[in-house]
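Here is the naming used below: chain letters follow the sequence lines, and residue numbers restart at 1 for every chain. Reckoned from all heavy atoms, side chains included, excluding hydrogens, waters and symmetry mates. Fair warning: this is a prediction, and the values are worked out from it, not measured in the lab.
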Number of protein chains: 4
Amino acid sequence: MARITGSNGARTAAAIRHAATRQIYRHGFAAMNLRTLAAEVGIQPSSLYNHIRSKQALLADLMQAHMEALLAATDAALAAAGPMPLDRLRAFIGHHVLYHMERREEVYIANFELRALDAANYGRIVALRSAYERRLMALLEEGVAAGELVVDDITVTAFALLAMLTGICTWYRPNGRLDKARLSALHTDLAIEGLRRRPCPRSA
Amino acid sequence: MARITGSNGARTAAAIRHAATRQIYRHGFAAMNLRTLAAEVGIQPSSLYNHIRSKQALLADLMQAHMEALLAATDAALAAAGPMPLDRLRAFIGHHVLYHMERREEVYIANFELRALDAANYGRIVALRSAYERRLMALLEEGVAAGELVVDDITVTAFALLAMLTGICTWYRPNGRLDKARLSALHTDLAIEGLRRRPCPRSA
Amino acid sequence: MARITGSNGARTAAAIRHAATRQIYRHGFAAMNLRTLAAEVGIQPSSLYNHIRSKQALLADLMQAHMEALLAATDAALAAAGPMPLDRLRAFIGHHVLYHMERREEVYIANFELRALDAANYGRIVALRSAYERRLMALLEEGVAAGELVVDDITVTAFALLAMLTGICTWYRPNGRLDKARLSALHTDLAIEGLRRRPCPRSA
Amino acid sequence: MARITGSNGARTAAAIRHAATRQIYRHGFAAMNLRTLAAEVGIQPSSLYNHIRSKQALLADLMQAHMEALLAATDAALAAAGPMPLDRLRAFIGHHVLYHMERREEVYIANFELRALDAANYGRIVALRSAYERRLMALLEEGVAAGELVVDDITVTAFALLAMLTGICTWYRPNGRLDKARLSALHTDLAIEGLRRRPCPRSA
DNA sequence: TATGAATGAGCGTTCATTCAT
DNA sequence: AATGAATGAACGCTCATTCAT
């Protein structure tokens with residue numbers, strides 16, 4: 001007699017989020033339409049509204065969930081990395097690259113659909129994004145303080161590194177020439193080698 | 001009664017391209033609409049069609065013009081840089097960063113609106129884009145061949161560098177904290193330091 | 001575990017009728033929606049259908065209940081008024097005005113939502129409405145037959161009087177400047193003075 | 001060569017206003033839909049928007065045009081009526097009834113669709129409506145001041161008279177039993193007889 | 001009796017585009 | 001070269017209603 005309450009509804013909601021992520025990633029939020037989304041989920045367009053409040057809210061929810069998951073996973077990776085600044089920076093970068101390969105659709109959306117958010121949602125999501133950027137800046141500062149890194153400008157360097165490390169989600173394909181571990185190692189080296197203090201002179 | 005035919009029309013066409021660049025940059029191609037574009041230019045939507053064939057063709061023309069200008073300017077910068085691999089790489093990077101600050105709207109469009117192109121245009125623009133990427137790969141190979149660079153994977157490194165150096169066009173603002181020259185130098189160092197062969201050991 | 005079946009349900013049904021009356025009065029039948037109605041009652045929209053057959057049937061039931069109550073109350077007022085034509089007309093008018101102030105929402109609906117009824121319901125409700133109009137026409141005829149009234153056209157006069165006396169339900173507010181008794185008296189005088197046969201000449 | 005500028009457009013706009021008046025009168029604003037309206041005009045629904053800003057603006061424009069025309073026509077009728085209070089009141093009433101028979105659709109809309117207006121439009125239209133009501137109140141006051149009328153409460157009497165005289169537009173049909181002149185005379189008498197001061201006593 | 005999820009029809013509106021003038 | 005009016009397709013969304021639980 002007992003109905004598995006919400007079971008079907010929860011499954012539909014998850015299917016909507018999944019399909020929406022795919023379609024926004026492929027076509028962009030503005031170009032994605034709710035009729036096609038509903039069709040991919042296998043329901044009528046009007047049924048979408050049993051699970052979302054609006055197209056805009058769907059995007060915002062997707063982005064918020066992504067940012068919160070990314071922050072939590074990052075903090076977990078840092079917690080496991082121990083106390084050494086360079087280890088922690090490596091952990092951040094390695095985790096970032098792996099995460100961005102595994103969740104490249106969510107990542108891409110969170111990076112390139114900010115402009116599609118209305119004012120209220122924009123503020124909320126950008127705050128989460130800034131928190132993530134601050135994680136990296138803090139690590140760079142730790143490294144400098146420990147004398148292990150040379151960083152001319154923390155902010156610019158953080159932005160440049162994030163751009164480099166995030167870029168992978170625009171071209172990575174699961175069955176490509178190189179596997180995730182290799183790509184992660186390559187990016188980590190590229191990012192860190194340019195920053196490490198060395199005993200020898202940096203002459204031009 | 002005779003009007004200097006073409007003069008006014010050419011001015012209108014230029015105004016359309018300029019306004020379109022701004023609006024696509026701000027809202028994305030799919031979210032930008034021809035009503036608003038026409039309003040910004042100061043004409044009626046239907047008058048747009050005296051100057052463009054379609055919204056799609058407008059985008060493709062903008063992207064093609066940008067890519068061709070970028071390639072020409074890059075080749076000029078390389079021609080002026082002399083024969084030394086490291087100088088040439090510095091010239092490429094310096095030029096890339098400056099260009100991406102000065103023309104950040106066109107650059108952003110060319111990078112993030114590829115998916116809005118129809119099949120025929122897509123092929124044409126991607127070919128130009130690949131030509132640009134190959135410029136950088138060639139420089140990396142030259143540097144390795146000359147024994148001045150250590151590059152584990154040319155393709156991945158080129159993509160990673162381009163992502164890093166292009167990222168600036170998403171946040172650079174003309175009146176920001178740092179000027180163009182400083183930002184260019186910072187990025188050049190970040191990009192090159194990680195690649196330079198050094199006499200001393202790399203390991204920690 | 002046993003619930004006093006029907007008790008709660010009857011309360012819900014009454015709450016629905018009450019809320020529906022308010023919302024139709026305020027926004028009109030077409031503009032009123034079952035979502036908002038359900039929300040005001042404190043149930044889900046689908047639960048409404050345990051108490052109503054359809055939105056249309058809800059309206060028809062409301063209007064029928066109103067018309068039957070109005071007819072019954074009118075007949076009771078006339079029965080109490082005695083045999084004199086002028087007394088009976090005063091009784092009708094006084095009752096009408098008081099009733100239209102006290103039940104102005106139901107009255108308004110019954111008067112202005114006839115066009116929202118489907119064919120079958122329309123016929124039924126209009127028949128009740130006509131019965132009410134005939135009550136007034138009969139009183140006018142009695143008054144003329146008794147030589148107490150001068151009425152040029154019974155039908156037009158009845159319609160004009162009803163329009164005047166019903167108008168009050170569009171602007172009456174319980175805490176307004178004048179109380180019900182005063183408003184009732186004012187309207188009764190306005191309605192009757194123009195009809196009374198007088199010993200003196202009518203012309204100016 | 002010279003195009004009769006706007007000719008076709010103006011004709012379409014007029015056809016839209018005409019068809020909208022009919023459909024709002026018949027079904028009410030909320031129940032009327034723009035697809036049917038467009039079909040009646042003989043254009044596509046989207047073409048409506050070359051002539052209206054929105055459904056709401058269409059209603060507001062219709063009501064405003066009606067109220068302004070009514071006020072202007074009323075003032076013209078009063079100007080032609082001469083200085084005598086009773087003549088002026090007769091002129092107002094006679095004009096009101098004739099106008100409400102001839103333009104009963106516009107009148108009905110203006111009276112019963114106020115609640116469909118948004119806040120800004122509501123204020124504007126109600127102000128015009130009040131101006132019209134004040135015309136009648138002023139005439140009643142003139143009549144009382146001249147000793148020709150007995151009016152217990154100016155406001156209530158004005159509302160009651162307007163309700164009576166406006167009611168005709170809910171049932172008048174052009175080919176009915178009585179013609180306009182007769183209906184106008186009947187209503188004028190009904191309205192005025194109850195207010196006239198008489199030499200003989202008003203005993204019950 | 002109440003509900004969450006689904007439905008199909010339809011809503012007001014916007015869109016890029018066309019075309020006679 | 002520019003326009004006003006028109007178009008057909010599509011959009012996000014709301015509606016009354018159904019139904020298994």
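When all heavy atoms are compared, the tightest approach of B:Gln44 to B:Ala38 is C-CB, 3.7 Å. Considering every non-hydrogen atom in both D:Leu34 and D:Tyr49, the closest pair reads CD1-OH, 3.3 Å.
To the nearest angstrom, P of E:dT17 lies 11 Å from CE of B:Met32. At whole-Å resolution of the value, CD1 in A:Ile16 and P in E:dG4 are 16 Å apart. Atoms CZ (D:Arg53) and P (E:dG12) sit 17 Å apart, rounded to a whole Å. Look at CG on D:Leu58: it is 14 Å from C1' on E:dT13, rounded to the nearest Å. F:dA10 atom C1' lies 13 Å from atom CG of A:Leu34, rounded to whole Å. Atom-to-atom, CG of A:Leu37 to P of F:dC13 comes out at 12 Å; the value is rounded to the nearest Å. Rounded to an integer number of Å, the gap from CD of B:Gln56 to P of E:dC15 is 18 Å.
Contacts of residues 44-52 of chain D with DNA chain E (heavy atom under 4.0 Å): D:Ser46, D:Tyr49.
Ion pairing of D:Glu40 with D:Arg22 is present here, as a side-chain N (NZ or NE/NH1/NH2) and a carboxylate O approach within less than 4.0 Å. Looking at A:Asp61 and A:Arg17, no side-chain N of the basic residue comes within less than 4.0 Å of a carboxylate O on the acidic one, giving no salt bridge.
Nucleotides of DNA chain E nearest to B:Ser54 and C:Gly42 differ in position, and the one nearer the 5' end is that of C:Gly42. Ranked by how close their nearest DNA chain F nucleotide is to the 5' end, A:Lys55 and D:Ile43 are led by D:Ile43. Each of C:Ala30 and A:Ala30 lies near DNA chain F, and the nucleotide nearest A:Ala30 is the one positioned closer to the 5' end.
Ring geometry for B:Phe112 against A:Phe112 counts as tilted: the plane angle lies between 30° and 60°, on a 0 to 90° scale.
A distance of 13.0 Å separates CG of A:Asn121 from CD of A:Glu113, quoted to the nearest 0.5 Å.
When both distances must be under 3.5 Å, the Watson-Crick or G-U wobble mate of E:dT7 is F:dA16.
A:Asn33 and A:Thr36 share a side-chain donor-acceptor pair at under 3.5 Å.
The phosphate of F:dC11 (OP1 or OP2) has a side-chain N or O of A:Asn33 nearer than 4.0 angstrom. Contact check, A:Arg35 against F:dA10: no side-chain N or O comes under 4.0 Å of OP1 or OP2.
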